[in-house]
Structures are given as structure tokens and as C-alpha cells.
Amino acid sequence: MPILNKDMTLCISLSARPSNNGTRFHNHLYEQLGLNWIYKAFAPTDLAQAIAGVRGLGIRGCAVSMPYKEDVIALVDEMDPSARAIDSVNTIVNTDGHLKAYNTDYTAIEQLLQSNALPTDYSVLVQGAGGMAKATVAALRDAGFGDVTVIARNEASGRALAEHYGFPWRQALDGGTADLIINVTPIGMAGGMEGKAAAESLSFPQDAIDAAKVVFDVVALPGETPLIKAARAAGKPVITGAEVATIQALEQFVLYTGVRPTREQVRAAEEFMRAQ
């Protein structure tokens, strides 16, 4: 990494509980590509002031994580279709003070559904109703999945999400099973606001894991969540949050810098990110 200097371009991330994933991924790519850039994670105490700082200080890029993906909409100047379609933002690009919002979470889910060749006639259970759940349900709908159920404790957000995409909502799993189960809640997340008990918990019960054909956990930290470990132990194919994190971070990197790294460079940055 170059020594800090006045010409260095800054990118940041905003999250209630920042991790080092994006920091390590982006900074490793800057170093590989010889870019005079630096990336830093922040936990803002005031979101509006943080976004004003992005604009006023000329910060080039800003990643947005839980719980700010919807609240930040009112603070930007323009919504790219990727963000506008699902009313959720995970990326802001600052061009001369003009803040344009994107959603690369959707892109990541879309690519993973395609690369894993998941049959669209699979039944699907999606647990969660936040910004990432919006990206997931939208990607499923757009990929042609028709049998999708949203599971969310919050009736207002869960029902609204499900009905927006033409799917049913349930407040609890209640013994339900599906071919594809997807966790989009913070359950299983290390360092999450729900505490240690939630971090060590299964987001789906064992019988749902045993009945599934594929298990997908969007949680990126740790790389092997309790759900992913249980699915592997049951011999199930898995899609991990670490894969989501890599793809969405790569697409952010391209939006910020205008440079698309080679596969080898991305692989090296991904390995560096996961080695923390």
C-alpha cells in the first residue's frame, strides 16, 4: 500500500458492525494494480452526516451495509436501476459531488444462481426481509423461480416484500421445507448486533437442512456459518456469503475505479480477504 498522500483517492464502507472483508479485498486490489487509493471501514454515529462527508470530502466510493441500505436512499442524488428496482442501496459512487446509488448485492445473487445452475422449478424458502432479502427475492423472481416463500417475523416488512414480488409470506417456518433454503438474516453472523447466541445459532432447523437440495447462507462472516457447517455435514451443496461478498465487492471496485481486475487478481484478493 502506498504511503498516505494528498493525491490518494479514498473509498469507505458504512456499517453498524464493520468487518475487514471489504477493507482487505479492495486494498489488496489497489496494491496489485498500483492504484494510489485506500479503503477504510466506518461505523457512523449519524448516517446523514456521514453521507454529507462523502459528498463534501470528495470520497469516491461508499459501500453501504446493514442497517443503512434503505435509509440512505433519501440522501443520494440518483438511483441506478439496480437500486431503484428494489429500493435498496449497497454502493454509492461520488462523481464531482453527485451521489449515484447502486445495488451490487442483486448482481452477486443473480450470478450465483446462474453459476450454480439451480433449476427454476425448485421450491425456495427465503428467511429475512431487509435490504439484502430484497435483492435476493428480486433476483429469484427475475431468474424465473416461481415457488418462493418469504419467512419474516416482522409482518409489515415481510408481507410487503413478498407481495411486491408476487410471493407468499409466512411469519415462521413452522416445519416448512424447500429444495433451496436461503438465510438472509443476521443469524449466524459473527459480531452481529444480536449477540453471541445468535452468532452460534442455526438460521434453519436441522430437518429443513436435511430436506433441502441446496443451502445458501448470505452471511459472509464467518466464511463457514453454523448453517453452512451443518449443510456440509449433511452432504448438501452450499452457496456461501463469502461468495456473495466477493462478487458484490468486485462490482463495487469496478464502479469506483473503472478497472476490472483479472480473475487471478480477484482470486488473490479473495484469498487475502478470507485469510484474516
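Note that the numbering runs from 1 along the sequence shown for the chain. Bear in mind that the values here come from a model prediction, so they are computed numbers and not experimental data.
For Tyr30 and Phe253, the gap between ring centers is short of 6.0 Å.
Proximity of a side-chain donor or acceptor of Thr104 to a complementary backbone N or O of Gln248 within less than 3.5 Å is detected. The backbone N or O of Gln265 sits less than 3.5 Å from a side-chain atom of Gln32, completing a donor-acceptor pair. Asn154 places a side-chain N or O within 3.5 Å of a backbone atom of Ser157 that can act as its donor or acceptor partner.
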Requested in this report: Apply the test side-chain contact (heavy atoms from CB on, under 4.5 Å) to residues Asp77 and Arg55: give CA-CA distance (whole Å), side-chain angles for both, the deciding distance (0.1 Å), then the verdict.
Outcome: CA-CA 10 Å; Asp77 302 310; Arg55 192 192 308 274; 2.7 Å; yes
Report task. Start with the C-alpha distance between Leu118 and Phe145, add both sets of side-chain angles, then the distance that settles side-chain contact (heavy atoms from CB on, under 4.5 Å), and finish with yes or no. Result -> CA-CA 10 Å; Leu118 298 180; Phe145 288 83; 4.0 Å; yes
Report task. Report the C-alpha distance between Lys40 and Thr23 in whole Å, list the side-chain angles of each, state the deciding distance to 0.1 Å, and finish with yes or no for side-chain contact (heavy atoms from CB on, under 4.5 Å). Result -> CA-CA 6 Å; Lys40 175 74 170 65; Thr23 302; 6.0 Å; no
Requested in this report: Before giving the answer on side-chain contact (heavy atoms from CB on, under 4.5 Å), spell out for Val218 and Ile182 the whole-Å C-alpha distance, their side-chain angles and the decisive distance to 0.1 Å.
Outcome: CA-CA 7 Å; Val218 176; Ile182 308 177; 4.1 Å; yes
**Report entry** side-chain hydrogen bond (donor to acceptor under 3.5 Å, both in side chains) evaluation trace for Asp217 with Thr225
**Finding:** CA-CA 8 Å; Asp217 196 343; Thr225 63; 2.6 Å; yes
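One hydrophobic cluster holds both Phe42 and Leu75 under the rule that ILVMFWY side chains link at heavy-atom gaps under 4.5 Å. When the side chains of ILVMFWY residues are joined at heavy-atom separations under 4.5 Å, either directly or via intervening members, Leu99 and Leu14 end up in a single hydrophobic cluster. Following chains of ILVMFWY side-chain contacts shorter than 4.5 Å, one cannot reach Val124 starting from Phe204, and the two form parts of different hydrophobic clusters. Residues Val244 and Val126 fall within the same hydrophobic cluster, defined by Ile, Leu, Val, Met, Phe, Trp and Tyr side chains chained together at heavy-atom separations under 4.5 Å. With hydrophobic clusters built from ILVMFWY side chains whose heavy atoms lie under 4.5 angstrom apart, Leu227 does not share a cluster with Tyr122.
The side-chain heavy atoms of Thr91 and Val64, taken from C-beta on, include no pair separated by under 4.5 Å. When side chains are defined from C-beta on, Lys100 counts as touching Asp80, because their heavy atoms get closer than 4.5 Å. Side-chain contact check for His98 versus Glu78: some heavy-atom pair is nearer than 4.5 Å. By the 4.5 Å heavy-atom criterion applied to side chains, Ile181 and Ile209 are counted as neighbours.
Taking CD of Gln252 as the start and CD1 of Ile92 as the end, the distance is 10.5 Å to the nearest 0.5 Å. The distance from atom OG1 of Thr177 to atom CG of Leu180, rounded to the nearest 0.5 Å, is 12.0 Å. Here the straight-line distance linking atom CG of Leu161 with atom CD1 of Ile86 works out to 10.0 Å at 0.5 Å rounding. If you take CD1 on Ile187 and OG on Ser203, they are separated by 6.0 Å, rounding to the nearest 0.5 Å. Expressed to the nearest 0.5 Å, how far CZ of Arg170 lies from CG of Leu125 amounts to 6.0 Å. Atom CG of Leu4 and atom CD1 of Ile38 lie 5.0 Å apart (nearest 0.5 Å).
Inspection of the Asn36 and Asn5 side chains reveals an N or O donor paired with an N or O acceptor under 3.5 Å. Counting only N and O atoms by type, the side chains of Thr107 and Glu251 include no donor and acceptor under 3.5 Å apart. Under the 3.5 Å distance criterion, with hydrogens and angles disregarded, a donor-acceptor pair is assigned to the side chains of Thr95 and Arg60. Side chains of Tyr106 and Asn90: a donor-acceptor N/O pair is absent below 3.5 angstrom, by distance only.
Each of Ile247, Leu250, Leu29, Thr246 was evaluated against Glu270; a single residue qualifies, Thr246, per the side chain to side chain contact (heavy atoms under 4.5 Å, CB included) test. Glu224 pairs with exactly one of Lys229, Arg232, Arg274 by the salt bridge (Lys or Arg N to Asp or Glu O under 4.0 Å) rule, that one being Arg232.
A pairwise comparison of heavy atoms in Arg24 and Phe272 identifies NH2-O, 2.8 Å as the closest pair. For Ser82 against Tyr102, the heavy-atom pair with the smallest separation is OG-CA, 3.7 Å. What you find for Leu173 and Ala208 is that their closest heavy atoms are CD2-CB, 4.2 Å. Across every non-hydrogen atom of Trp37 and Cys11, the tightest pair is CZ3-SG, 3.6 Å. Ala16 and Ala43 get closest at one heavy-atom pair: O-CB, 4.0 Å. For the pair Tyr39 and Ala63, the tightest heavy-atom approach, listed with the atom from each and the gap, is OH-CB, 3.4 Å.
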Exercise answer: donor-acceptor pairs, residues 233-240 side-chain atoms, under 3.5 Å, sequence neighbours excluded:
from	atom 1	to	atom 2	distance (Å)
Lys236	NZ	Asp210	O	2.8
Lys236	NZ	Ala212	O	2.9
Thr240	OG1	Ala242	N	3.4
Thr240	OG1	Glu243	N	3.3
Thr240	OG1	Glu243	OE2	3.3

Result block: side-chain N/O donor-acceptor pairs under 3.5 angstrom for residues 128-141, not counting sequence neighbours:
from	atom 1	to	atom 2	distance (Å)
Lys134	NZ	Glu70	OE2	3.2
Lys134	NZ	Asp87	O	3.4
Thr136	OG1	Met132	O	2.9

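Around CG of Asp7, the count of heavy atoms belonging to other residues, nucleotides or ligands within 6.0 Å exceeds 12.
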